[in-house]
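Hydrogens, waters and symmetry mates play no part in the numbers below; they use all other heavy atoms, side chains included. Counting begins at 1 with the first residue of the sequence.
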Amino acid sequence: MNPWRRFLRFNAVGLVGAVLQLGVLALLIHVLGVGYRSATGIALGVTLGHNFVWHARWTWNDRRFGARDYVKAFARFVSGNGAVSIVGTAVMMPLLVEAVHVPPVVANGLTIALCGLVNYWLAAWAFICSS
């Protein structure tokens, strides 16, 4: 697949994932009263699962692999994208929310944007190494 087309697909999935993550975060914080740190972790977990499935089925749909390879790709995806997202979130959210007083949903949107390019590279590694 053309690298630019894959990059656009990656970003389309990422955009939908970002909307999902911010929606889950807003629901947890503003409707259910969950603290922003816990809500961020839950929203991040939901989004990682969502994004992996869509990347496997659409972004890297030219990569064919069996169930065992799919599990390996998921492990690589979570360890790569998950680590960047968790570390980025752990550092950026308290900085933005507590030090700069940015609302949590806005702060999370900024954090998602900052982690995006690194996550593309790591997602490519997860799927390329598994095919």
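Formation of a donor-acceptor pair under 3.5 Å by the N2 side chain with backbone atoms of R5 is found in this model. R63 places no side-chain N or O within 3.5 Å of a backbone atom of A56 that could act as its donor or acceptor partner.
Within the 4.5 Å cutoff, the side chain of M92 has no heavy atoms near those of the C115 side chain. Side-chain atoms of T111 and L96, non-hydrogen and from C-beta on, do get closer than 4.5 Å to each other.
V13 and L20 fall into different hydrophobic clusters, where Ile, Leu, Val, Met, Phe, Trp and Tyr are joined by side-chain heavy atoms under 4.5 Å apart, directly or via other members. Linking ILVMFWY residues whenever their side-chain heavy atoms come closer than 4.5 Å, directly or via other members, places I86 and F52 in the same cluster. Residues V100 and L114 share a single hydrophobic cluster, defined by chaining ILVMFWY side chains whose heavy atoms lie under 4.5 Å apart.
When every heavy atom of F10 is checked against every heavy atom of T59, the shortest pair comes out as N-CG2, 3.8 Å.
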Using atom types as modelled, flag every donor-acceptor pair under 3.5 Å from a side chain in residues 21-35 to any protein atom, sequence neighbours excluded.
unit_1, atom_1, unit_2, atom_2, d
Q21, NE2, N108, OD1, 3.0

Show me the side-chain donor-acceptor pairs of residues 40-50 shorter than 3.5 Å, one per line, residues at least two apart or across chains.
unit_1, atom_1, unit_2, atom_2, d
T40, OG1, Y36, O, 2.6
T47, OG1, A43, O, 2.9

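Judged as a salt bridge (charged side-chain N to carboxylate O under 4.0 Å, His left out), and not counting sequence neighbours, the contacts of R6 are D62.
Rounded to the nearest 0.5 angstrom, L15 CG and N11 CG are separated by 8.5 Å.
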